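Hydrogens, waters and symmetry mates play no part in the numbers below; they use all other heavy atoms, side chains included. Note that this is a predicted model, so its numbers are computed, not measured.
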Amino acid sequence: MDAKQLQNSMLFRGMTEDEISSALEKLKAREQSYEKGATIMYAGSTTERMGLVLEGSVTIESNDMWGNRTLLSHVGKEHFFAETYALLNRETMLVDVVANENCRILFFRIGSLLTTITNMELWAVKLAANLLSISAHKNLVLSGRSFHTSPKTIRGRIMAYLNTVSLQKHSKEFDIPFDRQQLADYLNLDRSALSKELGKMRDEGILFVRKNHFVILQS
């Protein structure tokens with residue numbers, strides 16, 4: 001992996017190419033490809049690695065033994081997953097990481113960072129600061145999901161989610177990263193009930209929807 005290509009990612013922000021190269025070497029970076037639907041990390045396991053999505057995207061899911069699926073978040077290109085489990089590498093993972101489409105992932109043994117920080121290597125200090133920023137952003141994402149699933153009605157959950165996306169995109173017209181089944185899983189709704197409610201909202205002139213493209217017509 002070319003260090004220059006990683007300079008725009010959140011983890012390596014503010015780092016020189018030499019510093020990134022040092023990080024890749026010390027953290028034993030390794031690239032791997034996955035096909036759509038492949039499970040990248042399994043609940044019940046432990047990991048020493050965090051992943052950076054180079055191409056494609058992944059979903060973070062909770063799949064219980066009774067077959068119930070909850071989609072917790074979507075991780076797109078240049079974003080990360082499993083950094084908390086990688087740092088606390090004895091903690092059992094409670095989620096699966098699944099390829100949402102064909103993707104390439106760059107893995108790091110991030111636990112090595114704790115040792116290098118104590119040695120005051122500059123790249124490690126910068127990377128740790130970036131990692132803290134990433135973790136704070138993840139907390140916002142997870143707290144956002146609690147807002148989206150707290151309304152008691154189907155329409156309330158849909159509107160809460162679409163309002164968040166609209167604010168983030170600074171537009172009333174946008175694409176969401178989920179297909180219909182994924183959106184239902186994310187909002188803890190039955191897919192047919194979700195589709196029925198979206199149809200009602202479209203007929204009432206509240207929004208326009210086509211697949212994952214939305215336009216909010218009333219606010």
Which residues pass the side chain to side chain donor-acceptor pair (under 3.5 Å) test with [X], not counting sequence neighbours?
{"X": "Glu173", "value": "His213"}
{"X": "Glu17", "value": "none"}
{"X": "Asn8", "value": "none"}
{"X": "Asp18", "value": "none"}

Do you know which two heavy atoms are closest between [X] and [Y], and how far apart they sit?
{"X": "Lys211", "Y": "Phe214", "answer": "O-CE1, 4.1 Å"}
{"X": "Cys103", "Y": "Gly56", "answer": "CB-CA, 4.0 Å"}
{"X": "Gln7", "Y": "Ile20", "answer": "CG-CD1, 3.4 Å"}

Is there side-chain contact between [X] and [Y], with heavy atoms separated by less than 4.5 Å?
{"X": "Met10", "Y": "Asn130", "value": "no"}
{"X": "Gln182", "Y": "Thr59", "value": "yes"}
{"X": "Leu24", "Y": "Leu106", "value": "yes"}
{"X": "Ile110", "Y": "Leu27", "value": "yes"}
{"X": "Leu71", "Y": "Ser62", "value": "no"}
{"X": "Phe174", "Y": "Leu162", "value": "yes"}
{"X": "Ile158", "Y": "Leu194", "value": "yes"}
{"X": "Val75", "Y": "Ile60", "value": "yes"}

- prompt: Considering residues, nucleotides and ligands other than Met93, do more than 12 of their heavy atoms fall under 6.0 Å from its CE?
  reply: yes
message: Taking side chain to side chain donor-acceptor pair (under 3.5 Å) as the cut-off, I'd like each qualifying pair that reaches into residues 44-55, sequence neighbours left out, listed once.
response: Glu48-Arg109, Glu55-Arg104
query: What residue pairs, at least two apart or across chains, pass side chain to side chain donor-acceptor pair (under 3.5 Å) with a residue in residues 154-169?
result: His148-Thr164, Arg155-Glu197, Arg155-Glu204
Cluster link [X] to [Y], ILVMFWY, side chain under 4.5 Å:
{"X": "Ile105", "Y": "Leu6", "result": "no"}
{"X": "Leu94", "Y": "Leu72", "result": "yes"}
{"X": "Val98", "Y": "Leu54", "result": "no"}
{"X": "Leu87", "Y": "Leu127", "result": "yes"}
{"X": "Val53", "Y": "Val95", "result": "yes"}

Contacts of [X] that satisfy side-chain contact (heavy atoms from CB on, under 4.5 Å) - sequence neighbours left out:
{"X": "Ser195", "result": "Arg180, Arg191"}
{"X": "Ala43", "result": "Asp96"}
{"X": "Asp203", "result": "none"}

message: For residues 73-112, which residue pairs pass the ring pair (Phe, Tyr, Trp, His ring centres under 6.0 Å) check, not counting sequence neighbours?
response: Phe12-Phe108
query: If you look only at pairs with a residue in residues 66-82, which of them pass as a salt bridge (charged side-chain N to carboxylate O under 4.0 Å, His left out), with sequence neighbours excluded?
result: Glu61-Arg69, Arg69-Asp185
- request: Could you name each residue pair satisfying salt bridge (charged side-chain N to carboxylate O under 4.0 Å, His left out) that touches residues 126-149, not counting sequence neighbours?
  value: Glu19-Lys126, Glu83-Lys138
